[in-house]
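Report on one structure; see the data block that follows.
Side-chain atoms are counted along with the backbone in the values below, which use heavy atoms only and exclude waters and symmetry mates. None of the values given here were measured: they were computed from a predicted structure.
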Amino acid sequence: MHKSALLKARRLIVLAVLFASGCVKHSVQEGMHVFTNEWWVPVVVFLGGILGAVIGFVIRDSAGRFAWALLILGPIASLGFAPSLWMDRATVDEKEFHLRTGIWGLTAVHDIVLDQLTSVRLTSETRRSRRGRSTSYYMV
């Protein structure tokens, strides 16, 4: 694949990621706050995975590794990540916090009863690497 075409593809991916920011839906149902992904997020991931696989198949002779990456990652996105995004959900009410998230088949479910909490502490961890400094935040 020509370098300018690869650069355009990378720019398109960055634009798609920026477009997908702000894709969480908040609703209140019977006093419970519900946070889910917008309906279009898993649909876009599903269709994008299919489109990526088709593009990878079409350009497999000329693009080499990039085409094979699209051929492999496209179906993984469509069949693995899209259903996961559809099922992700967080709910908060007066009594508990419930979170269901993770990759389809490896889903993590967390139930926290608020009456049993004694304290919550926010901690941060800063790491330095070749790419610069990054900070991760954790609730303990």
Side-chain angles (χ1 to χ4, degrees):
M1 181 177 236
H2 196 268
K3 284 188 177 186
S4 65
L6 187 59
L7 185 60
K8 287 179 185 177
R10 288 181 182 164
R11 287 180 182 166
L12 183 63
I13 291 170
V14 169
L15 253 134
V17 169
L18 290 174
F19 175 72
S21 62
C23 54
V24 176
K25 177 181 161 187
H26 171 237
S27 62
V28 179
Q29 301 170 357
E30 299 176 6
M32 182 185 316
H33 294 269
V34 179
F35 300 89
T36 58
N37 289 311
E38 290 286 352
W39 66 269
W40 55 266
V41 174
V43 172
V44 167
V45 171
F46 180 77
L47 295 176
I50 291 173
L51 182 65
V54 170
I55 291 172
F57 182 77
V58 170
I59 64 171
R60 72 185 182 284
D61 293 331
S62 62
R65 291 182 186 173
F66 181 69
W68 282 104
L70 288 175
L71 270 168
I72 293 168
L73 296 176
I76 290 173
S78 291
L79 301 176
F81 294 130
S84 301
L85 292 170
W86 189 265
M87 305 281 284
D88 281 356
R89 179 183 177 104
T91 58
V92 181
D93 63 12
E94 297 171 352
K95 297 179 182 179
E96 71 176 334
F97 170 75
H98 177 79
L99 176 67
R100 181 189 173 143
T101 187
I103 299 172
W104 192 31
L106 300 171
T107 305
V109 177
H110 302 281
D111 287 312
I112 300 172
V113 179
L114 299 178
D115 291 341
Q116 296 176 355
L117 284 178
T118 57
S119 67
V120 176
R121 186 179 64 210
L122 182 65
T123 62
S124 65
E125 179 181 301
T126 303
R127 295 187 200 117
R128 293 183 188 199
S129 66
R130 292 183 294 185
R131 296 184 182 185
R133 192 173 75 176
S134 67
T135 304
S136 299
Y137 297 95
Y138 303 97
M139 292 180 79
V140 181

Heavy atoms of Trp86 and Trp39 approach each other most closely as CZ3-O, 3.7 Å
Closest approach of Asn37 to Leu85 (non-hydrogen atoms, all atoms of both residues) =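 Scanning both residues, the minimum pair turns out to be ND2-O, 2.9 Å.
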Tell me which donor-acceptor pairs under 3.5 Å the side chains of residues 108-117 have, and how far apart each pair is, sequence neighbours excluded?
unit_1 : atom_1 : unit_2 : atom_2 : d
Asp111 : OD1    : His98  : ND1    : 2.2

State which residues pass side-chain contact (heavy atoms from CB on, under 4.5 Å) with Ile103; sequence neighbours excluded, sorted by chain then number.
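Result, side-chain contact (heavy atoms from CB on, under 4.5 Å) vs Ile103: Phe81, Ser84.
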Contacts of Gln29 meeting side-chain contact (heavy atoms from CB on, under 4.5 Å) (sequence neighbours excluded), chain-then-number -> Ser27, Val34, Arg89
To the nearest 0.5 Å, atom CD1 of Ile59 lies from atom CH2 of Trp68 at 12.0 Å
Applying side chain to side chain donor-acceptor pair (under 3.5 Å) to Arg127 and not counting sequence neighbours gives Glu125, Tyr138
His26 meets the side chain to side chain donor-acceptor pair (under 3.5 Å) criterion, sequence neighbours left out, with His33
Under 3.5 Å, sequence neighbours excluded: what are the donor-acceptor pairs made by side chains of residues 71-80?
unit_1 : atom_1 : unit_2 : atom_2 : d
Ser78  : OG     : Phe46  : O      : 2.7
Ser78  : OG     : Ile50  : N      : 3.1
Ser78  : OG     : Gly74  : O      : 3.3

More than 12 heavy atoms of other residues, nucleotides or ligands under 6.0 Å from CZ of Phe57: yes or no? no
| message | Are Met32 and Val92 linked, directly or through intermediate hydrophobic residues, by side-chain heavy-atom contacts shorter than 4.5 Å (ILVMFWY only)? | response | no
